[in-house]
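Not measured: the values here are computed from a predicted model.
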Amino acid sequence: MPFSLRLDPETERLLRKLAKSSTRSKSAVVRDAVAAYEADYDVPGARSALDRLRPFVGIIDTSAQASTDTHQKYRQAVQRKHRARRAR
């Protein structure tokens, strides 16, 4: 399908240079660029949160640092804060 596109002189020069150095047409370079942009572009609703975070899921191991008494520590911190306010 024919499509017209206006480019600034610098972009046109770069497009010609890429097409010539890769022995492809300017149209092929533009098609590849659009496909690469689409692959990297985050369209809302196109990918789930898990799909966007997949490279990071499972790469951190916190098992050695996991606290077993978090509730107790939080409760003590709140009590200390409460006592400090009462002491004023």
Side-chain angles (χ1 to χ4, degrees):
M1 168 188 291
F3 181 76
S4 179
L5 179 67
R6 297 190 190 279
L7 301 173
D8 60 272
E10 178 61 24
T11 305
E12 170 65 23
R13 182 192 67 73
L14 182 58
L15 179 59
R16 274 193 314 249
K17 180 181 173 184
L18 287 169
K20 186 175 181 178
S21 66
S22 65
T23 64
R24 294 179 296 162
S25 67
K26 292 192 294 185
S27 295
V29 172
V30 171
R31 278 192 300 271
D32 290 346
V34 169
Y37 182 80
E38 190 274 332
D40 290 341
Y41 187 72
D42 188 20
V43 178
R47 296 187 307 162
S48 69
L50 176 59
D51 289 338
R52 291 191 309 272
L53 294 172
R54 194 169 301 280
F56 308 106
V57 172
I59 62 171
I60 297 174
D61 180 16
T62 60
S63 61
Q65 301 169 3
S67 178
T68 57
D69 58 346
T70 303
H71 177 73
Q72 177 85 15
K73 290 177 182 178
Y74 179 73
R75 184 176 180 169
Q76 289 171 352
V78 170
Q79 287 174 344
R80 279 193 307 271
K81 185 176 180 179
H82 181 69
R83 287 185 190 124
R85 284 187 175 190
R86 290 180 122 199
R88 289 183 188 175

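- Listed by chain and number, the residues in a side-chain contact (heavy atoms from CB on, under 4.5 Å) with L7 are L5, T11, E12, L15 (sequence neighbours excluded).
- Grouped by direct or indirect side-chain proximity (heavy atoms under 4.5 Å, Ile/Leu/Val/Met/Phe/Trp/Tyr only), Y74 sits with V78.
- For K81, the side-chain contact (heavy atoms from CB on, under 4.5 Å) partners are R85, not counting sequence neighbours.
- Here NE2 of H71 is found 6.0 Å from CZ of R75. Values are rounded to the nearest 0.5 Å.
- Residues L50 and L53 are members of one and the same hydrophobic cluster, defined by side-chain heavy-atom contacts under 4.5 angstrom among Ile, Leu, Val, Met, Phe, Trp and Tyr.
- Here the closest non-hydrogen pair linking V29 and S22 is CG2-OG, 4.2 Å.
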